[in-house]
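So you know, we letter chains A, B, ... as the sequences are listed, proteins then strands, and number each from 1. These figures come from a predicted structure and were not determined experimentally.
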Amino acid sequence: MSRPRAWRRLGQEFFERDARALAPALLGTILASGSGPRFCAGRIVECEAYLSEGDPASHSFRGRTPRNAAMFARAGTAYVYAIYGMHLCFNVVSGARGVGEAVLVRALEPLIGLEWMRARRTVERERDLCRGPARLVEALAIERAHDGSSLLRGPLSLWSDGTRIAPRDIATAPRIGITRAAERELRFALRGSPWLSRPVR
DNA sequence: GGAATGATGTACT
DNA sequence: GTACATCATTCCG
């Protein structure tokens with residue numbers, strides 16, 4: 001299966017807002033990788049905002065470094081980084097160019113290319129295919145080489161299939177796995193989705 | 001140069 | 001719930 005014709009690729013203007021606004025807007029949109037028969041896609045059901053100002057949990061908090069350089073690029077750039085020595089995480093850069101903020105994508109509802117996802121990940125339960133930031137990266141074959149690539153033109157892409165998420169269907173919660181600014185509610189999730197990395201209230 | 005840390009996942013109790 | 005695998009990156013001296 002390949003990409004449905006009705007999908008529309010998200011444009012520059014979609015990404016050009018601060019991370020706190022972009023994160024809930026990303027819910028319901030579709031992240032895709034690969035092409036031809038290897039096309040893979042999943043709907044974003046959970047993500048977290050990492051801000052440019054006053055957010056000690058953000059990689060950009062102490063300024064620009066070689067690792068986080070992509071965070072300071074144009075909105076709509078992919079930021080891919082390694083964590084815990086063995087995993088990668090995928091972010092969507094947001095905001096004005098150079099401010100250093102991004103949205104971490106934490107879980108997808110698998111839509112297309114499930115056979116490829118299963119080939120890359122050995123899971124007992126279908127629901128574990130893309131349930132977690134490092135899991136979805138593996139399922140979609142996202143690599144370090146994708147760091148800094150454009151989501152408007154590059155090998156990874158973001159789409160809308162017309163799905164609109166009502167505000168009441170978006171739950172907010174504290175971000176997961178961080179030690180600083182742990183109380184801030186910058187995690188956004190599709191309420192009731194069975195695909196979340198962890199349930200939300 | 002060295003130590004500490006981490007936006008995690010898996011296996012096991 | 002807890003243990004731990006495993007290493008890039010950062011920060012400090």
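Exactly one of A/L88, A/V105, A/V137 qualifies for a side-chain contact (heavy atoms from CB on, under 4.5 Å) with A/I142. That residue is A/V137. The side chain to side chain donor-acceptor pair (under 3.5 Å) test with A/T172 singles out one residue from A/R184, A/E185, A/R191, and that residue is A/E185.
With hydrogens and angles ignored, the 3.5 Å screen pairs a side-chain donor or acceptor of A/R9 with a backbone N or O of A/L151. Between the A/R8 side chain and the A/R5 main chain, a donor and an acceptor come within less than 3.5 Å of each other.
Shown here is A/R62, whose CZ atom has no more than 12 heavy atoms of other residues, nucleotides or ligands within 6.0 Å.
A distance of 10.5 Å separates CD1 of A/I30 from CZ of A/R3, quoted to the nearest 0.5 Å. Here the CZ atom belonging to A/F90 is positioned 5.5 Å from the CG atom belonging to A/L156, to the nearest 0.5 angstrom.
Nearest heavy-atom pair, A/A182 versus A/T179, reported as atom, atom and distance to 0.1 Å: CB-O, 4.1 Å.
The stretch residues 137-152 of chain A participates, sequence neighbours left out, in these side-chain hydrogen bond (donor to acceptor under 3.5 Å, both in side chains) pairs: A/R121-A/E138. For residues 84-94 of chain A, every residue pair satisfying the side-chain hydrogen bond (donor to acceptor under 3.5 Å, both in side chains) rule, not counting sequence neighbours, is listed here: A/S94-A/E101. Listed by first and then second residue, the side-chain hydrogen bond (donor to acceptor under 3.5 Å, both in side chains) pairs that reach into residues 25-42 of chain A come to none, sequence neighbours excluded. Among residue pairs with one or both ends in residues 155-174 of chain A, those qualifying as salt bridge (Lys or Arg N to Asp or Glu O under 4.0 Å) are A/R43-A/D161; sequence neighbours excluded.
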- Task: Quick one, give me the B/S/- string for nucleotides 4-13 of chain C, reading 5' to 3', where B means a protein heavy atom under 4.0 Å from the base and S means that only happens at the primed atoms, P, OP1 or OP2.
- Result: -BBBSSSS--
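In the region residues 89-117 of chain A, proximity to DNA chain C at under 4.0 angstrom, judged on heavy atoms, holds for none of the residues. Listed by residue number, the members of residues 177-189 of chain A with any heavy atom below 4.0 angstrom from DNA chain B are A/G177, A/I178, A/T179. Against DNA chain B, the stretch residues 122-141 of chain A makes heavy-atom approaches under 4.0 Å through A/G132, A/P133, A/A134, A/R135.
A ring-centre distance under 6.0 Å is found for A/Y81 and A/H59.
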- Item | Dot-bracket encoding per residue of DNA chain C, Watson-Crick/G-U cut-off under 3.5 Å, | denoting interstrand | |||||.||||||.
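Under the rule for a ring-ring contact (aromatic ring centres under 6.0 Å, His included), A/F72 has no partner lying at least two apart in sequence or in another chain.
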Just distance, no hydrogens or angles: give the donor-acceptor pairs under 3.5 Å from side chains in residues 18-27 of chain A, sequence neighbours left out.
unit_1 : atom_1 : unit_2 : atom_2 : d
A/D18  : OD1    : A/R20  : N      : 3.2
A/D18  : OD1    : A/A21  : N      : 3.2

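Defined by atom type and a distance below 3.5 Å, a donor-acceptor pair is missing between the side-chain atoms of A/R131 and A/S197.
By the 4.5 Å heavy-atom criterion applied to side chains, A/L104 and A/C89 are counted as neighbours.
The nucleotide range of DNA chain B contacted by chain A, defined by atoms under 4.0 angstrom from heavy atoms of the protein and reported 5' to 3', is B/dG6 to B/dT10.
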